[in-house]
*Asks:* 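Take a look at this one; I'll ask things after.
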Amino acid sequence: MKAPAVPAVTGRTHSWDLSTGVDGPGTRFVLFVSGCPLRCLYCANPDTWHMRDGRETSVDEVMAEIGRYRDFVTTAGGGVTITGGEPLLQPAFTGSLLRRCKEAGLHTALDTSGFLGERASDELLADTDLVLLDIKAFHAPTYRRLTGARLAPTLGFATRLDRLDVPVYIRYVLVPGLTDDPSAIDGLGAFLAGLGNVDRVDVLPFHKLGAHKYDALGIDFPLRGTPVPDPALTERVRGQFREHGLRAV
Ligand code: SF4
C-alpha cells in the first residue's frame, strides 16, 4: 500500500537576502517571514506586519534557495537567520526550517522579540544555534508604548533560553528620549548579567531607513521627527552594559 503523502510544511514569507555582520556571525542567508503581533514605533519593516501580505512558501522551496548559497555562507563562517516579522508567529514553519538547516549542517539563528516565546518548543530551540533576542525596553510601560505589547513574555523567554543554554545576542535599539533612560539600561544590564548565555549586546542606533515604506503603505511613521542618537549617546549606553561585564558592541 502506498504511504499517505506527508503534507508539505508551508509558511508566509516576505523575502530573503544575504547579509554580513548584522544578523548573526559571518555571512547569512536571511529569511524574512510575514506577520508580527507587535507594532514597534521604529519598525523598519512595516511591510512584514501582515501574514496575508506574504507569499505562501514551502520549506522545500526555501531549502532549495539556501542550497544555492550554501558554499558562500559556510565558507564565510555564516549560516541561516530567520527573521521577520516574527518567526514564532509561524512556529511549525520556522521549526521545520531550523530542523532542515541543522540536518544540512548549517548554523542557525532565530531573530525574535520573544513575545511569542512560549510558542517555541524545546525541540525548535534545540535546533537553534543562536537567538537574536530583541529586548526593546526594560521598563514595562515604555515597552508597551513602544511595541503595544507586554514586556513580561520576553523576559520570561530570556530566562528560559538561559535555562536551556541557548546562546543569545541581545539587540537593543537606542531611541533618544524613548530607550535612553540610564536607570532602565542599568536595570537591563543587571538582568542580563544574571544570565549565563548572553554572548553580546548589540546596541543599535535608531535609524529612519524604513520611512519610505510607511509612505508607500500610506501609514504614519510615528518617529519621523525623532532624532537619531549621536555617537556619544550610543557609546554611553554601550559603556553602561560593559559596566555589568557584558560585551556590548
Ligand atoms: S517586532 Fe520587529 S517586525 Fe515586529 S513591529 Fe517590532 S521591529 Fe517590526
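Both ligands and their constituent atoms are indexed starting at 1 by order of listing.
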*Asks:* For R39, does the CZ atom have more than 12 heavy-atom neighbours from other residues, nucleotides or ligands under 6.0 Å away?
*Replies:* yes
*Asks:* How far is atom 8 (Fe) of ligand 1 from its nearest protein heavy atom, and which residue and atom is that?
*Replies:* C43 SG, 2.3 Å
*Asks:* State plainly whether the residues R200 and D202 are in salt-bridge range, i.e. N to O under 4.0 Å.
*Replies:* yes
*Asks:* What part of C40, side chain, backbone, both or neither, has a heavy atom within less than 4.0 angstrom of ligand 1?
*Replies:* both
*Asks:* Give a yes/no on ligand 1: does W49 have at least one heavy atom closer than 4.0 angstrom to it?
*Replies:* yes
*Asks:* Is the closest basic N to carboxylate O distance between D23 and R28 below 4.0 Å?
*Replies:* no
*Asks:* Provide, to 0.1 Å, the distance between atom 4 (Fe) of ligand 1 and the closest protein heavy atom, together with that atom's residue and name.
*Replies:* C36 SG, 2.3 Å
*Asks:* If you count every heavy atom of other residues, nucleotides or ligands that lies below 6.0 Å from E118 atom CD, does the total exceed 12?
*Replies:* no
*Asks:* Are the side chain of K213 and the backbone N or O of L217 linked by a donor-acceptor pair below 3.5 Å?
*Replies:* no
*Asks:* Given that the side chain starts at C-beta and the backbone is N, CA, C, O, which of these parts of K136 lies under 4.0 Å from ligand 1, counting heavy atoms, or is it both or neither?
*Replies:* side chain
*Asks:* For atom 3 (S) of ligand 1, what is the closest protein heavy atom, and at what distance to 0.1 Å?
*Replies:* G85 N, 3.5 Å
*Asks:* Within the structure, is a non-hydrogen atom of L38 found at a distance of less than 4.0 Å from ligand 1?
*Replies:* yes
*Asks:* Answer yes or no: is there a donor N or O on one side and an acceptor on the other, between the side chain of T179 and the main chain of V173, under 3.5 Å?
*Replies:* yes
